[in-house]
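Right, one structure below, let's go through it.
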Amino acid sequence: MSTLDVVLLQILNTAVIVGVLMLVAIGLAIIYGLMDVLNLAHGELLMLGCYGVVIANDLGLNLWLGVLLASVIVGLLGWLLERVFIRRLYGSHFAGLLGTWGLGIILVQTIRLIFGPEPVPVRAPLEGAISILGTPFPQYRLAVLGISAGLIVLLLLSYRYLTIGIKTRAVFQDQEMAQCCGIRAPRIYAGTFSLGASLAGVAGGLIAPLVSVDPFMGAGYLVRSFMTVIVGGVGSLGGVAGGAGVIGGAEGVISYFSSGIIAQVVVLALAIVVVRIRPQGLFVRK
Amino acid sequence: MINKKVVQSKVAHLRPGFQVLALTLIVGTGAFLYRGSPAVDQATIWVIYGLFAVSIDILWGYCGMLTFGQAVFFGLGAMCYAWTTTDTWFPHVDWNPALAGILLSILLPALLGLVLGYFLFYGKVRGPYFVIVTLALAFLMQALGNGWTKVFGGFMGFFGVPTASVELGGWSFGLTTPLTRYITVSLLLAGVVVVSARILRGPFGLRVAGVRDNDQRLEYLGTSTVKTKLVVFIGSAAIAGFAGALFASTSGFVSADLMGTLLSTEAVIWVAIGGRMTLIGAVLGAVVVRGFGYIISSIAVEYWTLFLGALFIFMVLFGSKGLWVIGGSAAARLSRLLEGRRGSRDIVENRTTGR
């Protein structure tokens, strides 16, 4: 392999990380932006998506079907959770943080009791490699990149143009005024939480064959997507995209030269320094 | 007359200390009657966790900064003690290794608190963002500690950490028996509680209360909240580190999980259950939750963690003011029944003005 091959491979791998990170972080950011709840169980929703694919694998289903199933099931679970539990946390940051953290612990331990603490292997649905500019690249990773990019574009477009997106933005800007105009804010809340959960579920389903799937995997993704939101700034999806690029990119580059955990520590230190210099986030104008 | 008043006010300042000592006396006796001296050693650990919970109560209860990463300081303090007293990467300490370890366990976490606090508080990180950054810190320190075997002991941790014994001049003191360990730790906890309560009741405590209630308004009034936050953060980090050193000395085992997210968040639950802004409530919460865990220790760790998660949700949904406050108002109600309305009003007034 030439140097160019290595660099190209690295860029593509980083792009995959960034794409998946964006799926998770966007869900987190819209839930925080709309409902003011920082969902500390978001990583666990991703973990549930992974186990959705594991179940599909055990049942002998097609893995793509498994990813679809994971997104639907985790989305429905998110809707249910919002209706029963999360809505009781609105209005208090502390309640939101403590409640969702407790929820996360319960999800982790439930999965641990069912599947055990060991990592579960998942086989990728596409196994061949494809040649990009002469560099062999695994087909499945490319598919993951394409799907996450497509989903994000779809999400941005529907947020911009669809009626439901316009209603969501109205609630986001002024909840009382939106309700006066006949928009049912509680439904928007439930729908948004469900959408965020479903995005985490898809992300989990997509990366299941690429990473080691165990009950405790959620925390790492939670931390990364929070750093993404902190660095990128809250309030704009563009900021989240930029933050995902910075965090995922930095991690990809640093972990190439040293270990993954060192990369995460360096990225956290960078995020703290960024917060000192630009409290409003890198990609938000004052 | 004057003398009597002075004496009364001095006793009033010492009251939280006596309350703590009464609590530890009850817990220690109960543990001894339950399982003998091994249970007393367990109770020592709960009291140390109580000290750790006090550091969170100062930060969260009094200053309004919820943290999900306080165990980083606790675990770091425990590591400091293990480094100086056992044979690790750390240079060999000839002079009183235990004392050096305890001093280091206060200084190093305080230094980390200074560096972190400088960036976070000047960057106006507050509320949920502060929680996230501390949570990320705990997660990464745990992962780093588990990976970096040479410095943090890795998955195996450091075994055989000796109990503290100090020699100064001709005087020497060793925590050799369970009883001396328990009494020393209880006295240290009472001392920390008395000093913290004294400071938090004074002028500085008023600033801290201002930061908690509305830090932006305090800045409009022309005072810097950053320095207040920094002092509280550093002080609470130092207390947590000190508790960590006591933990290492008592349990004899230190691992990277002591710096992790689970202990960090469990300690927050202790404070929530015991009662915020009471200091002794934090101790009570730690002792009750950990003591309950000891009694039902036959159940598997998965179910225990599941139980902790349920405890979070219970606290949030049926969130009360905590055991200490509930117990206090129940006691007030009881004395109202016993003494009639007038006596109870006096008690209530004393309670509100006494704070």
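This structure is a prediction, so every number in the text was calculated from the model and none was measured. Order of the sequence lines sets the chain letters (A, B, ...), proteins ahead of strands, with each chain counted from 1.
Residues of residues 253-263 of chain B having a heavy atom under 4.5 Å from any heavy atom of chain A, listed by number: B:T261, B:L262.
Among residues two or more places apart in sequence or in another chain, the ring-ring contact (aromatic ring centres under 6.0 Å, His included) test is passed with B:F68 by A:W101.
Distance check, rounded to the nearest 0.5 Å: CD1 of B:I313 to CZ of A:R88 gives 11.5 Å. The line from NE2 of A:H93 to CZ of B:F130 is 15.0 Å long, rounded to the nearest 0.5 Å. The distance from the CG atom of B:L135 to the CG atom of A:L40 is 6.5 Å, given to the nearest 0.5 Å.
Considering every non-hydrogen atom in both A:G220 and B:F139, the closest pair reads CA-CZ, 3.4 Å. Listed here is the closest heavy atom pair of A:V223 and B:A136: CG1-CB, 3.7 Å. Across every non-hydrogen atom of B:G64 and A:F94, the tightest pair is O-CZ, 3.7 Å.
Taking 4.5 Å as the limit, some side-chain heavy atom of B:Y303 sits within range of a side-chain heavy atom of A:L113. Proximity of A:L38 to B:V131: side-chain heavy atoms (C-beta onward) are nowhere separated by under 4.5 Å. Inter-residue side-chain proximity for A:F226 and B:V133 is flagged as unmet; no heavy-atom pair is nearer than 4.5 Å.
Environment of CZ in A:R83: crowded, with over 12 heavy atoms of neighbouring residues, nucleotides or ligands closer than 6.0 Å.
In this structure, no portion of B:F121 lies under 4.5 Å from any heavy atom of chain A. Interface residue B:I132: only side-chain heavy atoms are found under 4.5 Å from chain A. Neither the backbone nor the side chain of B:W148 comes within less than 4.5 Å of any heavy atom in chain A. When heavy atoms are compared at a cutoff of 4.5 Å, A:T110 approaches chain B by way of both its backbone and its side chain. When heavy atoms are compared at a cutoff of 4.5 Å, B:L311 does not approach chain A at all. Both the backbone and the side chain of B:F119 come within less than 4.5 Å of a heavy atom in chain A.
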Candidate pair A:I105 and B:L306, rule side chain to side chain contact (heavy atoms under 4.5 Å, CB included), full reasoning: CA-CA 7 Å; A:I105 291 181; B:L306 202 61; 5.9 Å; no

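The choice from A:V108, A:L97, A:I262, A:L103 that makes the most heavy-atom pairs within less than 4.5 Å of chain B is A:L97.
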